[in-house]
Amino acid sequence: MAVANIQISETPLVLYTLRRADDALILGHRLSEWCGHAPTLEEDMALANMGLDLLGQARELYAYAAKVEGKDNDEDKFAYLRDVRQYRNLLLVEQPNGDFARTMVRQFLYAVFADLYWRAMMQSKDATLAAIAAKSEKESAYHVRHALEWIIRLGDGTEESHRRAQTAIDDLWSFTGEMFAVDDSERGLIDAGIAVDPAPLQPQWLKTITTVVNEATLGLPASNWMQQGGRSGRHSEHLGHLLSELQSLQRTFPGATW
Amino acid sequence: MYTQALNTSDADDRNVEDAARAAAFQARIDADERIEPNDSMPAAYRKTLTRQISQHAHSEIVGMLPEGNWITRAPTLRRKAALLAKVQDECGHGLYLYAAAETLGTSREELVDAMLAGKAKYSSIFNYPTLTWADIGTIGWLVDGAAIMNQIPLCRCSYGPYARAMIRVCKEESFHQRQGFEIMLTLCRGTDEQKAMAQDALNRWWWPVLMMFGPPDKASQHSDTSTKWKIKRFSNDELRQKFIDATVPQAQFLGLTIPDPEMKQDEAGHWLPGPIDWDEFKQVLSGNGPCNRDRLAARRKAHDEGAWVREAAAAYAAKRKRRQFAQAAE
């Protein structure tokens, strides 16, 4: 019993909004996978908390995408009835949790970017996006603080934690370039003052990352090769498994209300 | 309830207390005074409470696992957020309760180690599996409902930190209970498959939930001193009956059948259950429930795999302290 994927009219603004919503949902989902399994109870609560923030951001963005699209779609149809090729999130956020170091490095790389991004989006000429950004920035500011404290602790902690943190940076680094890429669809929105141009954010992002990584006695990889594809639905193999779990009930019981 | 293993004798451990001090302590209890951490208290009172509060804390933490099992599969984003927030609340309760237990002089680490070693117990209910989404509704509705029945009287427990913890915990639990009932209501108003899912979940959880209140009064060895010390204010059977009487009309409202063909209503309006299978209860408590091994294994795995993280945090804190000392000395 299969349920068809929804069709989406991906106008630039719908696509733009869905990309940010998907980032938040997929990373929030990943963080929620830790619930009940974190290294300490305090950290269990913190990870759930950040997962809830991200889930909240995703829901607001999906609701707005649905409104802009003006069809029959809603937050749950976007989340539960699109397949891998229709998802628009960054490759970084779908990467598996791995050990705690990998989760924290992923969180750190994304949160520092997201915080700068939301701050810039608060100036958007689109009032809804500006409002969502204002709320999300408060959350991402905490996510940055939480993650950078852990990066320093892990990097400058024990030999083992240093090794794990360095491995995570080396493995995830090639997913960071995608955060700053812009395609034609977004270019028009940037020119109209609606979307954020991520390129000018990169130097500040890199500066923060470098400062923290140095303080943590860690290093950044020499390679500048960057993977891309998430924004146009060319994902890693990991996302399909995540979605098959996330969507299982909606796909098994078509049309039911939960 | 969440502290079933207290139904064992601790007579051997009981120290002989100075009679005058014991009488003075009992007088404070009888006058409904709250006992606070630095107050003098009988060793057995301290021990009983340490066990009860820590078992309660372990139950909250292990209880995250069956519900956590559905966070990644919750059927809507609203349900997903609510479930994640709920399981996070349980974690918060666990932390809060460990802190309350620590006021009696045993560290969280020691308490957790005892649980991981299988020496300390947690509620039998969490050794049952969550097989469908309806189990999440049923746990909120019945397991949290039963927990509230037990914990509301604990808000007046003689030990201050525990009583205060319970006030906050009960507020959140009653929210969870309503949330669970609302999941059930949605299922029962849904498709035939969803209704069947709801009934199946009730069939599987009903008896284990009744067992949460502990053995029948005639078999409980522990209640006497706990009652005398105003830790426990109602007996297992009294609380169980209260719960059944509150729940039967809710099941009727949902259009679900309580899986107890022998249940009947007496003249006073109480719903009297058929015989409870106490052998099953004993088996689950002694480690033979469907999920005992999985639950402990999951907690041990989280603990073991988190060890290097905790070590790193400790090592970094020590380094920082040394550097601060060195700077101050310059």
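The chains referred to below are lettered A, B, ... by the order of the sequence lines, with proteins before strands, and numbering in each begins at 1. Note that the structure is a prediction, hence the values are computed from the model and not measured.
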Worksheet item: For chain A, which residues from residues 304-323 of chain B lie under 4.5 Å away (heavy-atom distances)?
Response: B/Gly306, B/Trp308, B/Val309, B/Arg310, B/Glu311, B/Ala312, B/Ala313, B/Ala315, B/Tyr316, B/Lys319, B/Arg323
Worksheet item: Of all of B/Ala81, B/Gly63, B/Gly68, B/Gly190, which one pairs up most often with chain A through heavy atoms under 4.5 Å apart?
Response: B/Ala81
Worksheet item: What distance do B/Trp133 atom CH2 and A/Ser248 atom OG have between them, rounded to the nearest 0.5 Å?
Response: 10.5 Å
Discussion item. Using a 4.5 angstrom heavy-atom cutoff, name the option from B/Cys91, B/Gly137, B/Gly94 with the most pairs to chain A.
Written reply: B/Cys91
Fill in: Best-contacting candidate, A/Leu242, A/Leu25, A/Thr257, A/Leu41, against chain B by heavy atom pairs under 4.5 angstrom
A/Leu41
Practice prompt. Check the surroundings of atom CD in A/Glu245: do more than 12 heavy atoms from other residues, nucleotides or ligands lie under 6.0 Å from it?
Written response: yes
Worksheet item: If we only count heavy atoms from C-beta on, is the A/Asp44 to B/Gln88 side-chain gap below 4.5 Å?
Response: no
Worksheet item: Hey, are the side chains of B/Thr191 and A/Phe253 touching, using non-hydrogen atoms and a 4.5 Å cut-off?
Response: no
Fill in: chain A interface, residue from B/Val112, B/Thr76, B/Val87 that has the most non-hydrogen pairs under 4.5 Å
B/Thr76
Practice prompt. Look at A/Glu42 together with B/Arg108 and state whether they make a salt bridge at an N to O cut-off of under 4.0 Å.
Written response: yes
Discussion item. Once rounded to the nearest 0.5 Å, what's the spacing between atom SG of A/Cys35 and atom CG of B/Leu65?
Written reply: 9.0 Å
Item to complete: Return the option, out of B/Met64, B/Gln194, B/Lys301, with the maximum number of heavy-atom pairs under 4.5 Å with chain A.
Response: B/Gln194
Worksheet entry | Neighbour count >12 (heavy atoms, 6.0 Å) for atom NZ, B/Lys171 | no
Discussion item. Just to be sure I understand the criterion: a residue of residues 176-187 of chain B counts if one of its heavy atoms is under 4.5 Å from a heavy atom of chain A. Which ones qualify?
Written reply: B/Thr186, B/Leu187
Practice prompt. Can you check whether anything in residues 72-82 of chain A gets within less than 4.5 Å of chain B, heavy-atom wise, and list it by number?
Written response: A/Glu75, A/Asp76, A/Ala79, A/Tyr80
Worksheet item: So which part of B/Lys80 gets closer than 4.5 Å to some heavy atom of chain A, the side chain, the backbone, both or neither?
Response: both
Worksheet item: Should we count OH of A/Tyr142 as having more than 12 external heavy atoms under 6.0 Å?
Response: yes
Item to complete: Could you tell me the separation between the CZ atom of B/Arg73 and the OG1 atom of A/Thr252, rounded to the nearest 0.5 Å?
Response: 10.0 Å
Worksheet entry | Per-residue contact mode, A/Ile152 against chain B (heavy atom under 4.5 angstrom) | both
Fill in: From CD1 (B/Ile71) to CD (A/Glu33), nearest 0.5 Å
10.0 Å
Worksheet entry | Interface residues of residues 47-69 of chain A facing chain B - heavy atom cut-off under 4.5 Å | A/Ala48, A/Asn49, A/Gly51, A/Leu52, A/Leu55, A/Arg59, A/Tyr62
Practice prompt. Check whether A/Trp150 gets within reach of chain B through its side chain, its backbone, both or neither, counting any heavy atom under 4.5 Å.
Written response: side chain
Worksheet item: So which of A/Met45, A/Glu160, A/Gln247, A/His162 has the biggest tally of heavy-atom pairs under 4.5 Å with chain B?
Response: A/Met45
Worksheet item: Which atoms of B/Arg79 come close to chain A, meaning under 4.5 Å heavy atom to heavy atom: side chain ones, backbone ones, both, or neither?
Response: side chain
Worksheet item: Is atom CZ of B/Arg300 surrounded by more than 12 heavy atoms (other residues, nucleotides or ligands) closer than 6.0 Å?
Response: yes
Item to complete: List the atom of B/Arg299, the atom of A/Gly36, and the distance in Å for their closest heavy-atom pair.
Response: NH1-O, 2.7 Å
Worksheet item: Nearest heavy-atom pair of B/Pro75 and A/Gln250: which atoms, and what distance?
Response: O-NE2, 2.8 Å
Worksheet item: Quick one: does B/Arg78's side chain get under 4.5 Å of A/Trp258's, heavy atoms only?
Response: no
Worksheet, complete the sentence: Applying a strict 4.5 Å limit to non-hydrogen atoms, the region of B/Leu77 in contact with chain A is both
Fill in: Region of A/Ser32 that comes under 4.5 Å of a non-hydrogen atom in chain B
both
Practice prompt. Verify the neighbour count for atom CD of B/Gln324: are there more than 12 heavy atoms of other residues, nucleotides or ligands below 6.0 Å?
Written response: yes
